[in-house]
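Below: one structure, written as structure tokens.
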Amino acid sequence: MKIEELDQKARELIQPGSSLVEWHCEYLRRMVAIDSRSFGVNEFIGDRKVPSDMTEILSLAEEYLLKIGFDFVKINKKPDGSSLPNPILMAELFSGKNKPTLLLYAHLDKQPYMDDEKFEKWGGTPPTELRWSEDKSRAYGRGAADDLAGVTAIGMAVDALLKVSGFDAEAPNKEIIDSLPCNIKVIYETEEEAGSKTLIEQITQNREFFESSDCVLITDVINPDQGIPGLTTCLRGLVQINISFEAKKDSEVKISAQTALYKLLATLIHDDHSLAIEEIVAADIPLTVKEREGFARIPTSVDFLRQTGGLLPETILTVASDRESIIEAQLRKSYVNVRPGNRVSGSVIFGSAAVRLKIKLPDGLKNDDLLALLQKKIDQLNRFRLKTLIKSFLSDENMIIDLFTQSSTKNPHSGTNGGPFPVAELQLAKIIDNLIGEDGFLILEDIENSKRYSIPLIEVQSLWADNDESYRLFDSQEARAIVEIRLAAGNNDEQAADALSKYLLKKAHKGFKINILTDKGAPPWMTGIDRPAFSLILEALEAGYGEKPCLYGCGGTIPFVPKLTDALGPIPPLCLGAYDPDSKMHEPGESMSMKDWLGCVRSMIYFAYRSADIFPKS
């Protein structure tokens with residue numbers, strides 16, 4: 001049978017409701033059911049205290065690949081034979097030394113649930129329970145998209161290649177494997193969400209397995225729209241640090257540590273919300289005319305981009321309201337996000353922020369008049385028109401004022417949406433910085449009556465805020481925050497981390513000691529598309545989805561990509577979307593689109609059958 005006929009028959013197997021697809025749906029269900037969070041556990045009472053050791057998810061993945069027909073599956077261990085906390089899984093189907101070798105990548109670990117034990121943000125259904133929409137077009141559950149859609153897309157593509165050739169995993173036939181168009185290797189990672197910290201070390205340990213690869217297909221990025229394929233050619237990098245404040249001994253500071261923290265966070269952005277660390281901004285590679293023209297062809301709209309980020313109707317973007325400017329800010333500009341209180345999250349922008357001010361009741365100013373002046377001042381400072389609420393109550397002889405700001409109804413992914421959307425926590429920090437002077441007084445002006453009030457401030461407290469306008473005090477009132485910078489192409493993550501640390505030390509209040517602990521880091525990545533593999537994958541995407549693909553980028557970070565290409569040399573990295581912008585990856589309510597899942601599978605099948613045309617072997 002000719003290659004074209006085999007390819008057509010294999011892709012015809014990939015239809016909703018087919019027995020092959022249903023078999024892989026069952027394994028998707030079983031994988032979602034396993035808690036494989038690689039960080040951010042202890043989210044609620046009764047939750048596990050430490051991340052998963054990945055044993056259960058790896059065991060199921062091993063079973064899955066063996067039942068498909070892989071004759072080599074290995075869960076990595078240390079050189080001395082002892083277990084690793086986050087091992088990679090490697091699998092192989094060897095068809096012949098004179099054939100190309102495709103390396104297929106996905107990851108098994110997941111993000112935090114970002115909810116309490118009631119799982120109300122998940123519609124009352126636990127995130128470990130796979131739930132399908134009525135028409136079975138979407139599957140909901142933690143990891144259903146990111147990245148179990150990629151894990152099972154790889155398995156399904158290989159399964160179809162084997163079945164069309166007559167392979168039966170119950171009675172394996174080496175001659176059938178030898179008839180495959182290419183060799184296939186698989187790597188499933190278990191610490192991608194935690195930064196791929198040991199990935200290079202594990203790849204180096206198993207260099208012989210990886211070095212024969214001719215290209216790598218990565219199924220862990222988002223498509224530009226549902227059912228519209230994108231080939232990702234750039235990724236932003238990441239620097240994430242934890243900072244905390246404490247007063248220096250014998251220092252006579254007039255502001256609290258929390259106030260000093262907010263004032264420092266406010267310096268991270270200019271008034272237009274752009275990143276203020278010039279060393280990082282200067283390294284961003286500008287868009288070319290050709291790239292800008294390419295962004296203009298991406299099938300999306302300003303309204304859709306606002307909708308996917310949950311932006312409130314009245315909230316103003318931080319860039320011009322045109323598609324090209326928004327996409328440029330999402331993909332090719334560095335930007336900063338902060339999370340006071342070190343709130344557990346999966347790399348998201350919190351849609352809401354809140355803070356509590358405790359002040360002494362001023363003489364000669366009625367409470368209602370004070371609140372009116374405060375609201376007026378906040379309105380003047382609210383450049384991006386975030387929703388603001390002020391609540392107050394009396395406590396002894398003091399007044400408690402709670403300030404709540406909101407930019408979005410969601411907590412969108414910081415990589416995908418970060419850049420054009422104002423960060424509520426940063427805008428609140430700007431407000432606090434302007435309201436409170438270095439002398440620790442709340443400054444309000446009554447211009448109509450030519451009066452200026454300096455109101456003694458007793459305390460500032462960060463609040464844990466939600467998008468339903470609820471909030472509460474953090475369990476710990478330590479002055480601390482997570483600072484995250486998504487790095488555009490052109491930056492080096494180690495140099496950026498150094499620049500960020502130096503900037504914070506320079507800008508911090510001199511009466512406080514600032515402690516800085518680097519948490520995560522990953523370099524940005526960008527590739528040219530002049531090699532034959534890119535032309536073939538664009539052709540494959542069109543065949544797999546039935547839609548013309550876009551050259552695209554991802555504002556998120558996939559540490560695996562630059563780390564793998566650094567470890568293995570210049571093999572073509574082909575980043576395919578197995579899920580769509582509605583997937584809400586990293587948010588509660590994550591889901592996978594059947595259309596994008598199966599489109600990704602069909603594209604890999606098409607590519608595999610024609611891989612020998614671009615990787616000829618003697």
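When side chains are defined from C-beta on, K360 does not count as touching I455, because their heavy atoms never get closer than 4.5 Å. In this structure the side chain of V253 reaches within 4.5 angstrom of the side chain of H509, judged on heavy atoms. Taking 4.5 Å as the limit, some side-chain heavy atom of I436 sits within range of a side-chain heavy atom of V460. Side-chain contact check for R306 versus L317: some heavy-atom pair is nearer than 4.5 Å. Side-chain contact between P420 and Q330: present, with at least one pair of heavy atoms (C-beta onward) separated by less than 4.5 Å. In this structure the side chain of H273 never reaches within 4.5 angstrom of the side chain of Y335, judged on heavy atoms. The side-chain heavy atoms of V483 and L265, taken from C-beta on, include a pair separated by under 4.5 Å. V32 places a side-chain heavy atom less than 4.5 Å from the side chain of L148.
Taking 4.0 Å as the cut-off between side-chain N and carboxylate O, D271 and K430 count as a salt-bridged pair. Note on D35 versus R37: salt bridge recorded, some NZ/NE/NH1/NH2 to OD/OE distance being below 4.0 Å. Electrostatic pairing of R452 and E445 counts as a salt bridge here, judged by a charged N lying under 4.0 Å from a carboxylate O. Of the charged side-chain nitrogens involved, at least one lies within less than 4.0 Å of a carboxylate oxygen, so that E590 and R142 count as a salt-bridged pair. Of the charged side-chain nitrogens involved, at least one lies within less than 4.0 Å of a carboxylate oxygen, so that D580 and R138 count as a salt-bridged pair. The existence of a salt bridge linking E484 and R486 is confirmed by a sub-4.0 Å separation between a basic side-chain nitrogen and an acidic carboxylate oxygen.
The distance from atom OG of S395 to atom CD1 of I400, rounded to the nearest 0.5 Å, is 5.0 Å. In this structure, CG on D115 lies 11.0 Å from CG on D47, to the nearest 0.5 angstrom. In this structure, L442 CG and I401 CD1 are separated by 6.5 Å, a value rounded to the nearest 0.5 Å. Here the CD-OG1 distance, from Q307 to T409, works out to 9.5 Å after rounding to the nearest 0.5 Å. One finds the CG atom of D272 at 6.5 Å from the CZ atom of F384 (value rounded to the nearest 0.5 Å). For the atom pair D446 CG and E448 CD, the distance stands at 6.5 Å (nearest 0.5 Å).
A side-chain N or O of D322 and one of S325 form a donor-acceptor pair less than 3.5 Å apart. Side-chain N/O atoms of N223 and D596 include a donor and acceptor closer than 3.5 Å. Looking only at atom types and distance, the side chain of D402 has a donor-acceptor partner in the side chain of Y471 under 3.5 Å away. N411 and E587 form no side-chain donor-acceptor contact under 3.5 Å, judged by distance and modelled atom types alone. In this model, a donor atom of one side chain and an acceptor atom of the other lie less than 3.5 Å apart for S352 and N467. H107 and D109 share a donor-acceptor pair across their side chains, judged by distance under 3.5 Å alone. Side chain to side chain, Q495 and N491 fail the donor-acceptor criterion of an N or O pair below 3.5 Å. Defined by atom type and a distance below 3.5 Å, a donor-acceptor pair is missing between the side-chain atoms of Y453 and D369.
Qualifying salt bridge (Lys or Arg N to Asp or Glu O under 4.0 Å) partners for K387, counting only residues two or more places apart in sequence or in other chains: E469. A search for salt bridge (Lys or Arg N to Asp or Glu O under 4.0 Å) contacts involving E279 returns nothing, not counting sequence neighbours.
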Could you please spell out the steps behind the side chain to side chain contact (heavy atoms under 4.5 Å, CB included) verdict for L357 and I432? CA-CA 10 Å; L357 308 180; I432 294 298; 4.1 Å; yes

Quick one, S462 with Q477, criterion side-chain hydrogen bond (donor to acceptor under 3.5 Å, both in side chains). Give me CA distance, side-chain angles, the key distance, then yes/no. CA-CA 7 Å; S462 297; Q477 275 303 304; 5.5 Å; no

What's the verdict on side chain to side chain contact (heavy atoms under 4.5 Å, CB included) for L373 and L365, showing C-alpha distance, side-chain angles and the deciding distance? CA-CA 10 Å; L373 290 175; L365 182 63; 4.3 Å; yes

Side chain to side chain contact (heavy atoms under 4.5 Å, CB included) between L312 and Q406: does it pass, once the steps are laid out? CA-CA 8 Å; L312 295 175; Q406 184 175 17; 3.9 Å; yes

Are S256 and T259 close enough, and set up right, to give a side chain to side chain contact (heavy atoms under 4.5 Å, CB included), and what steps lead you there? CA-CA 5 Å; S256 68; T259 306; 2.8 Å; yes

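Considering all non-hydrogen atoms of both residues, I349 and G418 come closest at CD1-CA, 3.7 Å. Here the shortest heavy-atom pairing between T405 and A424 reads OG1-O, 3.7 Å. D493 and G521 get closest at one heavy-atom pair: OD2-C, 3.7 Å. Across all non-hydrogen atoms, the minimal contact from A276 to H270 is CA-NE2, 3.5 Å. Contact detail for G227 and E547: the closest heavy-atom pair is O-CG, 3.5 Å. Nearest heavy atom pair, residue A257 against residue F512, reads CA-CE2, 3.5 Å.
The local environment of NZ in K502 is sparse, with at most 12 non-hydrogen atoms from other residues, nucleotides or ligands closer than 6.0 Å. The number of heavy atoms from other shown groups lying within 6.0 Å of CD1 (I45) does not exceed 12. Other residues, nucleotides and ligands contribute more than 12 heavy atoms inside 6.0 Å of the NZ atom of K510. Remark: R48 CZ is packed, more than 12 non-hydrogen atoms of other residues, nucleotides or ligands lying under 6.0 Å away. A 6.0 Å sphere centred on NZ of K584 holds more than 12 heavy atoms belonging to other residues, nucleotides or ligands. Crowding of K121 atom NZ: a count of heavy atoms from other residues, nucleotides or ligands under 6.0 Å exceeding 12. Other residues, nucleotides and ligands contribute over 12 non-hydrogen atoms within 6.0 Å of the CG atom of D379. Counting non-hydrogen atoms of neighbouring residues, nucleotides and ligands closer than 6.0 angstrom, the NZ atom of K248 exceeds 12 such neighbours.
Of the possible donor and acceptor atoms, one in the side chain of N382 sits under 3.5 Å from a partner among the backbone N and O of L386. For T315 (side chain) and L311 (main-chain N/O), no donor-acceptor pair under 3.5 Å exists by modelled atom type. No side-chain donor-acceptor contact under 3.5 Å links D220 to the backbone of D146. Put simply, the side chain of W464 never gets that close to the backbone of D475: no donor and acceptor are under 3.5 Å apart. Although no hydrogens or angles enter the test, the distance criterion places no donor-acceptor pair under 3.5 Å between the side chain of D466 and the main chain of D468. The closest donor-acceptor contact from the side chain of T232 to the backbone of C234 lies at 3.5 Å or more, if one exists at all. At distances below 3.5 Å, at least one donor-acceptor pair connects side-chain atoms of T318 with backbone N or O atoms of G419.
Ring-plane geometry between F44 and F119 is classed as perpendicular, the angle between the planes exceeding 60 degrees on a 0 to 90 degree scale with a lower cut at 30.
Figure legend: R343 and F350 shown as a cation-pi pair, the cationic atom lying under 6.0 angstrom from the six-membered ring centre and within 45 degrees of its axis.
Checked options I277, D498, I280; the residue passing with Y503 is I277 (criterion: side chain to side chain contact (heavy atoms under 4.5 Å, CB included)).
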